[in-house]
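What you see below is based on every heavy atom in this structure, not just the backbone, and it leaves out hydrogens, waters and symmetry mates.
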Amino acid sequence: MRALAHPARLMILNRLRVEGSATATEVAEIAGITPSAASYHLRMLAKYGFVEDAPARGDGRERMWRGVDRPLSVGVQPDDQPEVRAAKVLLIAAFRRDANEEAERALAASDLEPEEWRDVTLFSRHRLRVDAGELAELNRQIERVLEPYFARDRGEEVAPEGARVVEAQVNLFPVAARVVPGLPTEDHDARMVSE
């Protein structure tokens, strides 16, 4: 999990899972790193089973990589050992950073999108009242709705004309209590007047 928490590795993995196989040089451009650094990150991802060798193309001189087709999800459990919990928290934080950056890029570029894409882009947030069983069922239903559209399974040859890769970000979690900062004291204002 710590290995996957590296931002370059997440970018590389996303690239391979969405757009298919690539060389270290091709994924290096996406991650903003050198091809040798990309090769290192690819080997680390392969070591932990996230990527694998892909069939060669062209003359076969370049090593091709592809993402392993398996879902990727992480959850913190009460009985996790401290080091496992810390690694999971790092990985979830890296996922969240990557997702936030993706949403911020989309928002910044929204004016450049054609009207048809601007009209269907949605950033929303809802508070729900559910029990744990209902939340689990909601997770399953959302997965079933999204599954036919997963980019890793739906190539350009089967998608409708004009289809693009879009990102669906779904976060379902119990709302944690906020720390209430309390009211400001009058001491601050009185001290400023006396000075």
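Taking hydrophobic clusters as Ile, Leu, Val, Met, Phe, Trp and Tyr residues chained together by side-chain heavy-atom distances below 4.5 Å, Tyr48 shares a cluster with Phe95. A single hydrophobic cluster is not seen to contain both Val27 and Met64; linkage of ILVMFWY side chains at heavy-atom distances under 4.5 Å, directly or through other members, places them apart. When the side chains of ILVMFWY residues are joined at heavy-atom separations under 4.5 Å, either directly or via intervening members, Leu13 and Met44 end up in a single hydrophobic cluster.
Taking Thr34 as the reference, Ser36 meet the side chain to side chain donor-acceptor pair (under 3.5 Å) condition, with sequence neighbours excluded. Residues that satisfy the side chain to side chain contact (heavy atoms under 4.5 Å, CB included) test with Gln81, not counting sequence neighbours, are Glu83, Val84. Residues passing the side chain to side chain contact (heavy atoms under 4.5 Å, CB included) test with Arg105, sequence neighbours excluded: Glu101, Glu102. Scanning for side chain to side chain contact (heavy atoms under 4.5 Å, CB included) contacts around Ile142 gives Leu138, Leu146, Val170, Leu172, with sequence neighbours left out. Remark: Asp98 pairs with no residue by the salt bridge (Lys or Arg N to Asp or Glu O under 4.0 Å) rule, at least two apart or across chains. Residues passing the side chain to side chain donor-acceptor pair (under 3.5 Å) test with Glu156: none are found, sequence neighbours excluded. In this structure, the side chain to side chain contact (heavy atoms under 4.5 Å, CB included) partners of Ala31, at least two apart in sequence or on a different chain, are Ala8, Met11, Ile12, Ile33.
What you find for Phe123 and Ala106 is that their closest heavy atoms are CZ-CB, 4.3 Å. Nearest heavy-atom pair, Gly162 versus Trp117, reported as atom, atom and distance to 0.1 Å: O-CZ2, 3.5 Å. When every heavy atom of Leu16 is checked against every heavy atom of Gly67, the shortest pair comes out as CB-N, 3.7 Å. Ala24 and Pro35 make their closest contact through CB-O, 3.8 Å (heavy atoms, listed as atom of the first residue, atom of the second, distance).
Listed by first then second residue, pairs satisfying salt bridge (charged side-chain N to carboxylate O under 4.0 Å, His left out) with a partner in residues 43-53 read Glu52-Arg66, Asp53-Arg63, not counting sequence neighbours. Residue pairs meeting the ring pair (Phe, Tyr, Trp, His ring centres under 6.0 Å) criterion with at least one partner in residues 150-175, sequence neighbours excluded, are absent. Counting only residues at least two apart or on different chains, the salt bridge (charged side-chain N to carboxylate O under 4.0 Å, His left out) pairs with a member in residues 107-135 are Glu113-Arg164. Legend: salt bridge (charged side-chain N to carboxylate O under 4.0 Å, His left out) pairs involving residues 24-38, not counting sequence neighbours, sorted by first then second residue: Glu26-Arg57. Pairs of residues two or more places apart, or lying in two chains, that qualify as ring pair (Phe, Tyr, Trp, His ring centres under 6.0 Å) and include a residue from residues 9-44 are His6-His41.
For Arg154, the CZ atom is densely surrounded, since the number of other residues' heavy atoms within 6.0 Å is greater than 12. Counting non-hydrogen atoms of other residues, nucleotides and ligands closer than 6.0 Å to CZ of Arg61 gives a total of 12 or fewer.
Salt-bridge formation is not detected for the pair Arg152/Glu147: no Lys NZ or Arg NE/NH1/NH2 atom is positioned less than 4.0 Å from an Asp or Glu carboxylate oxygen.
To the nearest 0.5 Å, the span separating CG on Leu10 from CZ on Arg17 amounts to 10.5 Å. In this structure, the separation between CD on Gln169 and CG on Asn100 is 7.0 Å, given to the nearest 0.5 Å.
Between Gln77 and Arg85, the closest side-chain pair of non-hydrogen atoms is not below 4.5 Å.
No side-chain donor from either of Glu143 and Gln141 sits under 3.5 Å from a side-chain acceptor of the other.
Asp153 places no side-chain N or O within donor-acceptor distance of the main-chain N or O of Tyr149, the cut-off being under 3.5 Å.
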